[in-house]
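As structure tokens, the structure follows; a few thoughts come after it.
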Amino acid sequence: MMRAFLHAIGFLTRLPVPASVFEDSRARSRSLVWYPWVGAIVGGLLCLLAWALQSAPPLLAAALILLVWVSLTGALHLDGLADSADAWIGGMGASAAERRERTLTIMKDPRSGPAGVVALVLVLLLKFAALASLPAPAWAAVLLAPVLARAALTLAFVSTPYARSGGIGSALVDAPRTAAIASVLAGVATCAFAGWRGALALAVAALTFALWRRACLRRLQGMTGDTCGALAEIIEAVVLVSLALTY
């Protein structure tokens, strides 16, 4: 399980781990269990940074936190967001089957179109504005957003068919379901530390998950790595915005 934990850290972040963990196929599938815990690591590091910057000007502090946030994750999920936005708009077709195939085809294109660029700008702008609006050090927001986003990824893979054969996330569908659900519940439990704001964060994250999962099932009959990346980014944004609106 330690190799699976290290695999999850190495895949979801740019924190250094031994290269050998990526050669273990069993560790790859079991790494899904650890996604919410990796979210806790990211959130914990961001909390430390937010604490260190609590005396800095709010706009500068928000920019630095967001910069470190993106750097920690290597913009992995932002790439999925851009691909999903391009594919969703460009993947229209006369029939459901045609829409599905065109959407999956566009997602494989490494280039970003106008829709992808706009989606990136808007999500990053929302995150920045929310971080700048939260009172320092805003620990609850910067902890809960990455934890709930990665708990949603684990739940998506264990509850939704994988739409693309041989995709980057295809190995994750064999993850142990009981352990994965337990990990999701552990991630959800962190909301208790933030009181009613934690309950609000959980509610908006759950609603976002349900709506995006439904959209993916209707368009693709399942999820892909890109749509899961989009899910993570959207949940982070809505959690930050919803908490910022309560202050």
Side-chain angles (χ1 to χ4, degrees), residues 4-5 7-13 27-43 73-88 91 100 103-104 106-108 119 123 144-191 201-240 242:
F5 180 47
H7 190 286
I9 293 175
F11 180 67
L12 293 178
T13 75
R28 183 183 303 114
S29 64
R30 290 178 175 268
S31 68
L32 185 68
V33 173
W34 294 101
Y35 278 24
W37 300 92
V38 175
I41 292 174
V42 172
T73 60
L76 173 67
H77 303 313
L78 287 170
D79 178 71
L81 173 67
D83 288 342
S84 296
D86 283 332
W88 229 256
R100 180 180 188 274
T103 301
L104 290 174
I106 294 172
M107 280 185 188
K108 293 171 66 176
V123 166
L144 293 181
V147 170
L148 291 175
R150 281 144 193 84
L153 294 183
T154 300
L155 185 60
F157 276 105
V158 299
S159 67
T160 314
Y162 195 71
R164 191 193 301 278
S165 60
I168 192 171
S170 58
L172 299 176
V173 297
D174 296 325
R177 294 178 61 85
T178 301
I181 295 299
S183 187
V184 170
L185 293 176
V188 167
T190 61
C191 295
L202 177 59
V204 297
L207 178 61
T208 302
F209 174 85
L211 292 175
W212 184 237
R213 181 179 183 273
R214 179 174 179 269
C216 289
L217 285 172
R218 294 183 65 179
R219 175 69 72 92
L220 304 173
Q221 289 80 58
M223 302 282 274
T224 69
D226 284 327
T227 62
C228 283
L231 173 66
E233 287 295 332
I234 296 170
I235 285 181
E236 286 183 346
V238 297
V239 166
L240 289 175
S242 63

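This is a predicted model, so every value here is computed, not measured.
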Name every donor-acceptor pair, under 3.5 Å, that has one atom in a side chain of residues 151-159 and the other anywhere in the protein, sequence neighbours excluded.
from, atom 1, to, atom 2, distance (Å)
Thr154, OG1, Leu32, O, 3.0
Thr154, OG1, Arg150, O, 3.4
Ser159, OG, Leu155, O, 2.6

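Residues Thr190 and Gly187 approach most closely at OG1-O, 2.5 Å, considering heavy atoms. Scanning all heavy atoms of the two residues, the minimum distance from Asp226 to Met107 falls at OD2-O, 3.4 Å. Across Ala4 and Trp34, no two heavy atoms sit closer than the pair C-CD1, 3.8 Å. Heavy atoms only, all atoms of each residue included: Ser31 and Ala8 are closest at O-CB, 3.6 Å. For the pair Ala175 and Ser29, the tightest heavy-atom approach, listed with the atom from each and the gap, is CB-O, 3.1 Å. Of all non-hydrogen atoms in Arg100 and Ala163, the two that sit nearest each other are NH2-O, 2.9 Å.
Taking the side-chain contact (heavy atoms from CB on, under 4.5 Å) definition, one finds that Leu207 meets it with Leu211, sequence neighbours left out. The ring-ring contact (aromatic ring centres under 6.0 Å, His included) check on His7 picks up Phe22, with sequence neighbours excluded. Scanning for side chain to side chain donor-acceptor pair (under 3.5 Å) contacts around Thr103 gives Arg219, with sequence neighbours left out. Taking the side-chain contact (heavy atoms from CB on, under 4.5 Å) definition, one finds that Ile41 meets it with Phe5, Ile9, Leu15, Leu45, sequence neighbours left out. In this view, Phe209 satisfies the ring-ring contact (aromatic ring centres under 6.0 Å, His included) rule with no residue, not counting sequence neighbours. Remark: Trp88 pairs with no residue by the side chain to side chain donor-acceptor pair (under 3.5 Å) rule, at least two apart or across chains. Every residue was checked against the side chain to side chain donor-acceptor pair (under 3.5 Å) condition with Thr208, not counting sequence neighbours, and none meets it. With sequence neighbours left out, the side-chain contact (heavy atoms from CB on, under 4.5 Å) criterion links Leu78 to Val70, Ala75, Leu81, Leu120, Leu124, Glu233. Listed by chain and number, the residues in a side-chain contact (heavy atoms from CB on, under 4.5 Å) with Ala237 are Val123, Lys127 (sequence neighbours excluded).
Annotation: salt bridge (Lys or Arg N to Asp or Glu O under 4.0 Å) contacts involving residues 31-41, sequence neighbours excluded, are absent.
Distance check: Thr227 OG1 to Ile234 CD1 gives 10.0 Å after rounding to the nearest 0.5 Å. The OG atom of Ser242 lies 10.5 Å from the CG atom of Leu202; values are rounded to the nearest 0.5 Å.
Between Ser183 and Trp37 there is a side-chain heavy-atom pair separated by less than 4.5 Å. Taking 4.5 Å as the limit, every side-chain heavy atom of Thr224 sits out of range of all side-chain heavy atoms of Cys216. Under the 4.5 Å side-chain criterion, counting only non-hydrogen atoms from C-beta, Leu12 is in contact with His77. Side-chain contact between Trp212 and Ile235 is absent, with no heavy-atom pair separated by less than 4.5 Å. In this structure, the side chains of Ser84 and Leu231 stay at 4.5 Å or more apart for every pair of heavy atoms.
A donor-acceptor contact shorter than 3.5 Å is absent between the side chain of Thr13 and the backbone of Gly10.
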